[in-house]
Amino acid sequence: MPSPSLKDNWKATWQSRYKRWQMLIGTVIMAAIIYIIPIFFGHIQKRQGAVLNDWVLAHIPPHNVSVFIFALIWGMALLILIRAINDPSIYITYCWTLIFVCLVRFVTLSVVALDPPSAMVPLVDPLNSALYRNAPITKDLFFSGHTATMVMIWLCLQKRTDKIIALIAAFAVACLLLVQHIHYTIDVLAAPVVVYPCYRLTRWLFLSRGYFARNES
């Protein structure tokens with residue numbers, strides 16, 4: 001039996017009332033979060049925080065590996081964008097998982113005030129520079145947003161080959177963040193611990209309860 005075409009996938013998604021509202025509401029919430037993030041991070045950046053004694057970082061000489069970090073991140077972002085264009089359910093799953101992760105991260109960043117590792121090499125991202133008007137954000141530490149993003153991509157992709165590539169890329173980014181001393185070890189390790197329950201919550205809300213299977217108009 002032939003696979004549904006791109007047009008058929010989007011037509012079925014849009015004809016389902018539940019899927020349509022999941023997509024629209026999720027997109028609006030994400031737009032609001034994107035608007036709030038620079039304001040929130042600006043507040044976080046002004047706080048005084050603790051500097052952790054990180055045994056792992058103490059044994060890793062700092063190096064600037066920004067090019068490799070963002071090559072992996074943007075490469076995987078492009079991959080999941082292509083997959084989501086072909087399968088709207090991937091977009092819905094990723095969007096809502098990201099919403100839950102961002103909400104949790106707002107809480108953890110508010111509660112856990114940290115200053116960056118002393119040997120940190122600044123991480124330069126063209127997108128972040130545009131959002132934050134070239135003001136460096138270095139205190140958005142617990143937990144690692146870059147690692148969380150890569151883990152989300154790994155979880156939301158469906159093809160076996162895609163998932164293998166995404167898992168390798170996620171592990172590489174996590175290691176490179178430590179090489180550049182952008183995050184403490186606990187920031188990186190905590191990311192998948194937080195992301196997975198958020199992903200399972202999304203699956204429970206939108207899959208286990210049968211919403212993706214409905215086609216109500």
Side-chain angles (χ1 to χ4, degrees), residues 33-34 36-77 97-156 166-201:
I33 289 175
I34 290 171
I36 293 170
I37 281 176
I39 301 170
F40 177 76
F41 281 3
H43 167 70
I44 293 297
Q45 193 65 23
K46 296 175 183 177
R47 295 189 309 178
Q48 292 296 319
V51 176
L52 302 182
N53 181 16
D54 193 310
W55 182 88
V56 174
L57 293 186
H59 289 80
I60 301 176
H63 295 284
N64 189 343
V65 289
S66 296
V67 172
F68 300 105
I69 291 173
F70 287 112
L72 289 167
I73 290 175
W74 290 117
M76 295 312 302
T97 303
L98 182 58
I99 288 169
F100 295 138
V101 169
C102 285
L103 293 177
V104 174
R105 197 160 184 253
F106 284 155
V107 174
T108 59
L109 289 173
S110 298
V111 172
V112 183
L114 296 174
D115 278 351
S118 56
M120 181 197 71
V121 179
L123 185 65
V124 179
D125 177 1
L127 177 59
N128 283 343
S129 297
L131 284 174
Y132 308 127
R133 299 177 183 178
N134 297 316
I137 303 297
T138 61
K139 297 184 179 182
D140 58 329
L141 295 172
F142 187 78
F143 48 95
S144 168
H146 294 105
T147 306
T149 298
M150 298 299 284
V151 173
M152 279 188 286
I153 292 173
W154 167 60
L155 289 171
C156 292
L167 181 60
I168 294 171
F171 181 77
V173 167
C175 292
L176 291 172
L177 290 171
L178 297 179
V179 168
Q180 195 156 336
H181 289 223
I182 297 300
H183 280 284
Y184 296 104
T185 307
I186 188 63
D187 302 332
V188 172
L189 294 177
V193 175
V194 173
V195 170
Y196 186 71
C198 293
Y199 169 75
R200 294 305 306 176
L201 175 61

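Owing to the predicted nature of the structure, the values given are computational and were not obtained by experimental measurement. All residue numbers refer to positions in the sequence shown, counting from 1.
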Determine, stepwise, if the pair H183 / T147 fulfils side-chain contact (heavy atoms from CB on, under 4.5 Å).
-> CA-CA 10 Å; H183 280 284; T147 306; 5.7 Å; no
Could you walk me through whether Y184 and V51 pass the side-chain contact (heavy atoms from CB on, under 4.5 Å) check?
-> CA-CA 9 Å; Y184 296 104; V51 176; 3.6 Å; yes
For side-chain contact (heavy atoms from CB on, under 4.5 Å), just list the numbers for V151 and Y196, CA-CA rounded to whole Å, side-chain angles, deciding distance to a tenth of an Å, and then say yes or no.
-> CA-CA 8 Å; V151 173; Y196 186 71; over 6 Å; no
Please test R105 against D140 for side-chain contact (heavy atoms from CB on, under 4.5 Å), starting from the C-alpha separation and ending with a verdict.
-> CA-CA 9 Å; R105 197 160 184 253; D140 58 329; 3.6 Å; yes
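Counting all heavy atoms, side chain and backbone alike, A191 lies closest to F143 at CA-CD1, 3.9 Å. Heavy-atom minimum distance, H146 versus L177: CB-CD1, 3.9 Å. Considering every non-hydrogen atom in both L178 and V188, the closest pair reads CD2-CG2, 3.9 Å. Of all heavy-atom pairs between L155 and Y199, the closest is O-OH, 3.4 Å. Residues P122 and S66 share a closest heavy-atom pair of O-OG, 3.9 Å.
In this structure, CD1 on I44 lies 13.0 Å from CD1 on I39, to the nearest 0.5 angstrom. Rounding to the nearest 0.5 Å places CH2 of W154 at 12.0 Å from CD1 of I168. Taken to the nearest 0.5 Å, the CG atom of L123 stands 5.0 Å off from the CD atom of Q180. Here M76 contributes atom CE and L167 contributes atom CG; the two are 10.0 Å apart, rounded to the nearest 0.5 Å.
Remark: L98 engages M30, Y94, C102, M152 in a side-chain contact (heavy atoms from CB on, under 4.5 Å) (not counting sequence neighbours). Take F171 and apply the side-chain contact (heavy atoms from CB on, under 4.5 Å) test, not counting sequence neighbours, and it matches C175. The side chain to side chain donor-acceptor pair (under 3.5 Å) search around T185 returns D54, not counting sequence neighbours. With sequence neighbours excluded, the residues that form a side-chain contact (heavy atoms from CB on, under 4.5 Å) with A170 are M150.
Here salt bridge (charged side-chain N to carboxylate O under 4.0 Å, His left out) pairs that include residues 170-195, with residues two or more places apart or in two chains, number zero.
Under a 3.5 Å cut-off, the side chain of H59 and the backbone N or O of W55 do form a donor-acceptor pair. Looking only at distances, a side-chain donor or acceptor of H181 sits under 3.5 Å from a matching main-chain atom of I60. With Q45 contributing its side chain and I137 its backbone, the two residues share no donor-acceptor pair below 3.5 Å.
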List, one per line, each side-chain donor-acceptor pair under 3.5 Å for residues 109-121, sequence neighbours excluded.
from	atom 1	to	atom 2	distance (Å)
S110	OG	F106	O	2.7
D115	OD1	G49	N	3.2
D115	OD1	K139	NZ	3.2

